Participant: 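The structure follows.
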Amino acid sequence: EVQLLESGGGLVQPGGSLRLSCAASGFRFSNYAMTWVRQAPGKGLEWVSVIRDSDGGTYYADSVKGRFTISRDNSQNTLYLQMSSLRAEDTAVYYCAKVLVVVAAALDHWGQGTLVTVSS
Amino acid sequence: EIVMTQSPATLSVSPGERATLSCRASQSVTSNLAWYQQKPGQAPRLLIYGASIRATGIPVRFSGTGSGTEFTLTISSLQSEDFAVYHCQQYHNWPPITFGQGTRLEIK
């Protein structure tokens, strides 16, 4: 059974930093692209970042480019999101999700989410 | 960036009836479209990908149609557990991936 478990969320002041983790199990983690998606309170889903399986290439939404860094440790089956220069508008539940396949980037498994609150 | 627009924002339907949700893309995404169901306090669940392919374990009452810029999710006979928010997502020439703003399906 595929499982994704996020951790690392919490309350942080504007301008601060936070690192999210996503522990994966139940599938060959190194063979799949992984992504972060966020959802602000009462709002829709917003894609944040993706890291590919093949070459570890990374891509970011314009809203977080230059402030967030996605990475993965295939030996530990763990996905990360390093967030810096945080703003109030980054407040959201952050989900990690597994990409179905590179040619069909639907997200077939999701974690339960971790809440990040940016406030003074 | 491809903008996804869902309609209506809220849909009220009685149990046992059919629900039809729409999603429009600002440019063609061919069949690179997925649908998700999200219940309060839960993560989204993949229902449909490739515009019409049901994901593993998804009941046959869920069906997706469309290509290009116009897409539809149909739930043929609503069950109590189907009342939720539904999101569409495009992955044409991704990244980026973009989502619609969601349709809330509520009990009439």
Side-chain angles (χ1 to χ4, degrees), chain A residues 1-6 9 22 24 26-27 32-53 55-65 68 70 92-115, chain B residues 1-10 21 23 25 29-58 62 64 67 71 73 84-105:
Chain A
E1 178 192 6
V2 172
Q3 290 194 331
L4 299 170
L5 184 62
E6 301 95 338
C22 172
F27 65 104
Y32 291 90
M34 296 293 295
T35 191
W36 289 96
V37 174
R38 68 185 181 182
Q39 187 170 35
K43 301 297 184 182
L45 300 170
E46 180 188 14
W47 172 73
V48 172
S49 183
V50 64
I51 185 166
R52 296 205 294 218
D53 56 316
D55 59 3
T58 58
Y59 302 88
Y60 301 91
D62 287 344
S63 58
V64 307
K65 200 173 295 182
F68 289 12
I70 190 172
V93 174
Y94 284 73
Y95 297 101
C96 68
K98 171 183 166 291
V99 176
L100 178 64
V101 289
V102 169
V103 295
L107 309 179
D108 62 340
H109 290 90
W110 297 62
Q112 86 291 346
T114 188
L115 177 62
Chain B
E1 177 177 294
I2 299 174
V3 177
M4 307 302 292
T5 303
Q6 292 185 241
S7 61
T10 302
L21 291 69
C23 177
V29 299
T30 64
S31 296
N32 294 317
L33 185 106
W35 289 95
Y36 301 85
Q37 177 193 67
Q38 186 178 27
K39 296 179 180 179
Q42 295 185 18
R45 176 176 72 143
L46 177 65
L47 299 175
I48 301 284
Y49 64 96
S52 62
I53 304 170
R54 274 187 300 278
T56 303
I58 301 304
F62 291 91
S67 66
F71 300 89
L73 175 70
V85 176
Y86 291 83
H87 306 273
C88 64
Q89 172 231 327
Q90 69 80 24
Y91 47 88
H92 187 65
N93 291 335
W94 72 288
I97 290 166
T98 50
F99 294 89
Q101 80 280 17
T103 290
R104 180 179 305 277
L105 179 59

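Labels below follow one simple rule: chain letters A, B, ... track the order of the sequence lines, proteins then strands, and each chain is numbered from 1. Just so it is clear, the model here is predicted, and its values are computed rather than measured.
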Participant: Taking side chain as C-beta onward, heavy atoms only, is B/E1 less than 4.5 Å from B/T98?
Facilitator: yes
Participant: Does some side-chain heavy atom of B/Y49 sit less than 4.5 Å from a side-chain heavy atom of B/Y91?
Facilitator: yes
Participant: Considering only heavy atoms, which portion of B/A34 lies under 4.5 Å from any heavy atom of chain A: side chain, backbone, both, or neither?
Facilitator: side chain
Participant: If you count heavy-atom pairs under 4.5 Å with chain A, which of B/G50, B/A55, B/P96 comes out on top?
Facilitator: B/P96
Participant: Taking C-beta and beyond as the side chain, do B/I58 and B/Q37 meet within less than 4.5 Å on heavy atoms?
Facilitator: no
Participant: Pick one of side chain, backbone, both or neither for A/V37, based on which atoms fall under 4.5 Å of a heavy atom in chain B.
Facilitator: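 A/V37 touches chain B through side-chain heavy atoms alone.
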Participant: So, do A/F68 and A/S49 sit near enough that their side-chain heavy atoms are less than 4.5 Å apart?
Facilitator: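 A/F68 vs A/S49: side chains apart.
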Participant: Chain A heavy atoms under 4.5 Å from B/Q42: which part of the residue, side chain, backbone, both or neither?
Facilitator: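 Only the backbone of B/Q42 comes within 4.5 Å of chain A.
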Participant: If you count heavy-atom pairs under 4.5 Å with chain B, which of A/A104, A/G113, A/G44 comes out on top?
Facilitator: A/A104
Participant: Relative to the ring of B/Y36, is the ring of B/F99 parallel (under 30°), tilted (30 to 60°) or perpendicular (over 60°)?
Facilitator: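 Tilted.
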Participant: When only pairs under 4.5 Å are counted, which of A/L107, A/T35, A/V102 shares the most heavy-atom pairs with chain B?
Facilitator: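 Sorted descending by pairs with chain B, the first entry is A/L107.
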Participant: Please determine, among B/R45, B/Q90, B/H87, the option with the most heavy-atom pairs under 4.5 Å with chain A.
Facilitator: B/H87
Participant: Please report the shortest heavy-atom distance between B/N32 and B/T30, naming the atom on each side.
Facilitator: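 Heavy-atom minimum between the residues: ND2-OG1, 3.1 Å.
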